[in-house]
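In what follows, a structure is listed as structure tokens, so that the remarks can point back to it.
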2 protein chains.
Amino acid sequence: MILLIGQLQDRTRHFGGLHRGIRGISQRMVTLTLRQLERDGLLTHTVHPNFPPRVDYELTPFGSTLLDTMVALGEWTTTHRQEINNSRHCYDATRSPRTQP
Amino acid sequence: MILLIGQLQDRTRHFGGLHRGIRGISQRMVTLTLRQLERDGLLTHTVHPNFPPRVDYELTPFGSTLLDTMVALGEWTTTHRQEINNSRHCYDATRSPRTQP
DNA sequence: CGGTATCCGCCGGGATACTG
DNA sequence: CAGTATCCCGGCGGATACCG
């Protein structure tokens, strides 16, 4: 969800692009999450009745008020992921090996 | 979890205080979440072997790097909760009534 | 007080198949 | 392409009981 908002931060996007933009997520979850965000009034969902069907998703002004925070959050995780992983390995190393009596 | 970090933003806290500070959460979840945050290196878990047992939880410097973002996130949700609820009612009102043929 | 252990119901979310 | 509809399983998290 953070990722979805991240993908919409600057421009309007189509469904396929959003789906492809996030690794390891099912189509179902993309739809579901988009619906929730739409319900919360964070983004708009515009259907173009042409063919092939094109659907645009865009952040509302209200949605944009979350952008700064979400982007910051996303950046924090990417910058510190390694540090967190280290900490986890460390933590696990001191506790799990106590499996032997 | 956001709430837990929020509670630790300025000062060291004890288990009971943290538990009482969050409505509708089980003791188990508090412990579990604290363990995860500790594992990630975001906070420290100090046991004082006195009686009655007192256990201190405090954010690490690393944990503090998340503070700004998390606080911002918390503030955003509290400030906009009402607006979101409105949007939801609106959204639901236009769709659910279509239960009748 | 500050946990750990166990049981268990619920639903988040993937896989798959089908519509417009 | 952009969904909706089902099936189904893993694990999140509450309730409860017991330890140091």
Side-chain angles (χ1 to χ4, degrees), chain A residues 1-8 11-40 42-60 73 77 84 88 91-92 94-101, chain B residues 1-8 11-40 42-59 77 84 88 91-92 94-101:
Chain A
M1 192 211 89
I2 299 172
L3 301 175
L4 267 183
I5 293 183
Q7 299 234 343
L8 285 165
R11 67 190 190 283
T12 297
R13 308 271 326 235
H14 309 288
F15 185 90
L18 290 170
H19 188 193
R20 263 173 271 109
I22 302 180
R23 286 258 314 167
I25 192 178
S26 62
Q27 182 189 20
R28 184 175 165 279
M29 270 322 289
V30 177
T31 316
L32 233 96
T33 309
L34 286 171
R35 285 295 166 282
Q36 298 195 105
L37 293 173
E38 184 192 357
R39 190 169 98 106
D40 290 354
L42 297 176
L43 52 80
T44 59
H45 167 235
T46 319
V47 181
H48 303 280
N50 310 325
F51 199 89
R54 279 259 154 174
V55 182
D56 289 339
Y57 291 96
E58 187 175 15
L59 284 183
T60 62
L73 191 55
T77 53
I84 289 182
R88 287 184 180 174
Y91 185 94
D92 295 347
T94 58
R95 319 240 162 173
S96 345
R98 293 283 167 269
T99 314
Q100 49 106 307
Chain B
M1 190 211 89
I2 298 171
L3 302 176
L4 267 183
I5 294 184
Q7 298 235 344
L8 285 164
R11 66 189 191 283
T12 297
R13 310 270 327 235
H14 308 288
F15 186 89
L18 291 170
H19 188 193
R20 262 173 273 110
I22 302 180
R23 286 259 315 167
I25 192 177
S26 62
Q27 182 189 20
R28 183 175 166 278
M29 271 321 290
V30 178
T31 317
L32 233 95
T33 310
L34 286 171
R35 286 295 166 281
Q36 297 194 108
L37 293 173
E38 185 192 356
R39 190 169 97 107
D40 290 354
L42 297 177
L43 53 78
T44 59
H45 167 237
T46 318
V47 181
H48 303 281
N50 310 324
F51 199 89
R54 279 259 155 175
V55 182
D56 289 338
Y57 291 94
E58 188 176 15
L59 284 183
T77 53
I84 289 183
R88 288 184 181 175
Y91 185 94
D92 295 346
T94 58
R95 318 244 162 170
S96 343
R98 291 284 167 266
T99 315
Q100 50 103 314

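Keep in mind it's a predicted model, so treat the numbers as computed, not measured. Only heavy atoms go into these numbers, but all of them, side chains included; no hydrogens, no water, no symmetry mates.
- The distance from atom CZ of Arg54(A) to atom C1' of dG3(D) is 15 Å, rounded to the nearest whole Å.
- Note that CG of Asp40(B) is 7.0 Å distant from CD of Gln36(B), once rounded to the nearest 0.5 Å.
- If you measure from atom NE2 of His14(A) to atom C1' of dG3(D), you get 16 Å, rounded to the nearest angstrom.
- Regarding Gln36(B), its CD atom lies at a distance of 13 Å from the P atom of dG11(D), rounded to whole Å.
- In the helix from dC1(C)-dG20(D) to dG20(C)-dC1(D), the end axes, each obtained as the rotation axis mapping the C1' atoms of four pairs onto the next four within a five-pair block, lie 40° apart to the nearest 10 degrees.
- Residues meeting the side-chain hydrogen bond (donor to acceptor under 3.5 Å, both in side chains) test with Arg20(A), sequence neighbours left out: none.
- Considering CD1 of Ile2(B) and CG of Leu73(A), their distance stands at 8.0 Å, rounded to 0.5 Å.
- Side-chain atoms of His19(B) come within 3.5 Å of backbone N or O of Ile25(B) as a donor-acceptor pair.
- At least one side-chain nitrogen or oxygen of His45(A) sits closer than 4.0 Å to the OP1 or OP2 atom of dG3(D).
- For DNA chain D, the neighbouring residues in residues 24-34 of chain B, judged by any heavy atom under 4.0 Å, are Gly24(B), Ser26(B), Arg28(B), Met29(B).
- Between Arg23(B) atom CZ and dG14(D) atom P the separation is 13 Å, expressed in whole Å.
- His19(A) comes within contact range of no nucleotide atom at all, as no heavy-atom separation falls under 4.0 Å.
- Rounded to an integer number of Å, the gap from CZ of Phe15(A) to C1' of dT4(D) is 11 Å.
- Of the possible donor and acceptor atoms, one in the side chain of Thr44(B) sits under 3.5 Å from a partner among the backbone N and O of Glu58(B).
- Counting heavy atoms from C-beta on, the side chains of Leu18(B) and Leu34(B) come closer than 4.5 Å.
- Distance check, rounded to the nearest 0.5 Å: CZ of Arg88(A) to CG of Asp92(A) gives 8.5 Å.
- For the atom pair Leu59(A) CG and Arg11(A) CZ, the distance stands at 12.0 Å (nearest 0.5 Å).
- Under the rule for a side-chain contact (heavy atoms from CB on, under 4.5 Å), the partners of His48(B) that lie at least two apart in sequence or sit in another chain are Thr46(B), Asn50(B), Arg54(B), Asp56(B).
- Between Gly16(A) and Pro53(B), the residue whose closest nucleotide on DNA chain D is further toward the 5' end is Gly16(A).
- Considering every non-hydrogen atom in both Leu4(B) and Val30(B), the closest pair reads CD1-O, 4.3 Å.
- For Tyr57(A) and dC1(D), the OH to P distance is 14 Å, given to the nearest whole Å.
- For Tyr57(A), the ring-ring contact (aromatic ring centres under 6.0 Å, His included) partners are His45(A), not counting sequence neighbours.
- In 5' to 3' order, the nucleotides of DNA chain C bounding all contacts with chain A (an atom under 4.0 Å from a heavy atom) are dG13(C) to dG20(C).
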